[in-house]
There are 2 protein chains.
Amino acid sequence: MLSIGKLGQAAGVKVPTIRYYEQIGLLPPPDRSAGNQRLYPRAALERLSFIRHARELGFPLEAIRDLLSLSDRPDHPCEAVDDIARAQLEATRARIARLRALEAELERMLAQCASGRVSDCRVIESLGNHALCTHHVEAV
Amino acid sequence: MLSIGKLGQAAGVKVPTIRYYEQIGLLPPPDRSAGNQRLYPRAALERLSFIRHARELGFPLEAIRDLLSLSDRPDHPCEAVDDIARAQLEATRARIARLRALEAELERMLAQCASGRVSDCRVIESLGNHALCTHHVEAV
DNA sequence: TTAATCTCTATAGCAACTAGAGCTTCAAGA
DNA sequence: TCTTGAAGCTCTAGTTGCTATAGAGATTAA
Ligand SMILES: [Zn+2]
Ligand SMILES: [Zn+2]
Ligand SMILES: [Zn+2]
Ligand SMILES: [Zn+2]
């Protein structure tokens, strides 16, 4: 059995985060010691590592909740799992596309600035005048 | 003079957002009508458009606050302005790099899945077993 | 004049944690 | 056995950048 601190260390998750996951129902409440401290079985480490890995990949907690409950049904087809992963891939690609447009605009602004006085700064000018943008992406 | 609604429409910013910007000191409190409604001069539209454009480019509000106060000193050198923009460019590039690594890992997971049962799903397996990842990026 | 539309303040909520206060429990050394 | 310090407990509030709601008052058009 693991204390919350050991579990956190083993999974690479901070202690308050574990308690937070329990609070929102992502981790089941574990048994307690005589002194009311949480004691986790080995299985909790697997589950928490799964969550951590999915978080690193950008899955929102709601998606992770679904993935976890799907993984409890090993005999079902994995279509729903793959759908969630595909949605995450799509979201990731959309964010990349948006950020690349922002990168290009920032680069352009900086390249045009001759680094003189603020009154001549192309960065300030471009920010103030939307029309100076060659391309534009709406918020996603 | 513009009402808050007209200002919001003109700048493409929602009314509660304008009030929020005033609350956090990003926009100066405007004069009020006899009936206590906000009345904005034309200059407020410029300022708000500047903020909106910077937000679209991903600048955090704190950076925008700095940009605005720098733009009030036209005779100063624009170094500090360019520094902020460069920092934003760097942050954008870092996020892109991270997202591209995530994209690759999601692609790999999905490509390897034969779409059978959950017990054989490579997506679930990869999420559960960190060691299956070929590359990895720490959170930024 | 009356109805529709705006605007006002204040409060609460979102994601996904993080930090702190003030307390209790536990493990190891003297 | 006692003591000390780390680790644990609960609860609340803060983070970022808004958005939503409620209930009231102001303004405008027909
Ligand atoms: Zn410049
Ligand atoms: Zn632009
Ligand atoms: Zn699958
Ligand atoms: Zn991985």
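We name chains A, B, ... by the order of the sequence lines, and we start the count at 1 in each one. Bear in mind that the values here come from a model prediction, so they are computed numbers and not experimental data.
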Rounded distance in Å - OH (Y21(A)) to P (dA15(C)): 13 Å

Atom-to-atom span, CD of Q88(A) to C1' of dA15(C) - whole angstrom: 14 Å

Heavy-atom neighbours of E107(B) CD exceed 12 at 6.0 Å: yes

Atom-pair distance (CZ on R38(A); C1' on dC26(C)), nearest Å: 16 Å

Interatomic distance, D72(B) atom CG to I124(A) atom CD1 [nearest 0.5 angstrom]: 9.0 Å

Separation of atom CD1 in I18(A) from atom P in dC17(C), rounded to whole Å: 12 Å

Separation of dC6(C) P from L2(B) CG (nearest whole Å): 15 Å

Positional range of nucleotides in DNA chain D within the contact set of chain A, heavy-atom, under 4.0 Å: dG8(D) to dT10(D)

Short side-chain N/O contact from S3(B) to OP1 or OP2 of dT7(C), under 4.0 Å: yes

5′-ward residue of the pair A34(A)/L61(A) relative to DNA chain C: L61(A)

Residue closer to the 5' end of DNA chain D, Q37(A) versus Q23(A) (nearest nucleotide): Q37(A)

Euclidean distance, atom CE of residue M1(B) to atom P of dT7(C) [Å, nearest integer]: 14 Å

Closest listed nucleotide, where the reference is the side chain of R55(A) and the choices are dC17(C), dT25(C), dT7(C): dC17(C)

Ion pair check, R86(A) and E90(A), cut-off under 4.0 Å: no

Approximate separation, where rounding is to 0.5 Å, of Q9(B) CD and S3(B) OG: 8.5 Å

Rounded distance in Å - CD (Q9(B)) to C1' (dT5(C)): 12 Å

Selected nucleotide, minimal atom distance to R32(B) side chain, candidates dT9(C), dT7(C), dA16(C): dT9(C)

side-chain contact (heavy atoms from CB on, under 4.5 Å) evaluation trace for V118(A) with D75(B): CA-CA 6 Å; V118(A) 167; D75(B) 291 336; over 6 Å; no

Nearest-nucleotide 5' precedence on DNA chain C, S33(A) against R19(B): R19(B)

5' priority, DNA chain D, between E62(B) and N36(A) [closest heavy atom]: N36(A)

Gap between atom CD1 of I64(B) and atom CD of Q88(B) - 0.5 Å precision: 8.5 Å

Residues L127(B), M109(B); criterion side-chain contact (heavy atoms from CB on, under 4.5 Å); working and verdict: CA-CA 9 Å; L127(B) 286 173; M109(B) 280 168 29; 4.3 Å; yes

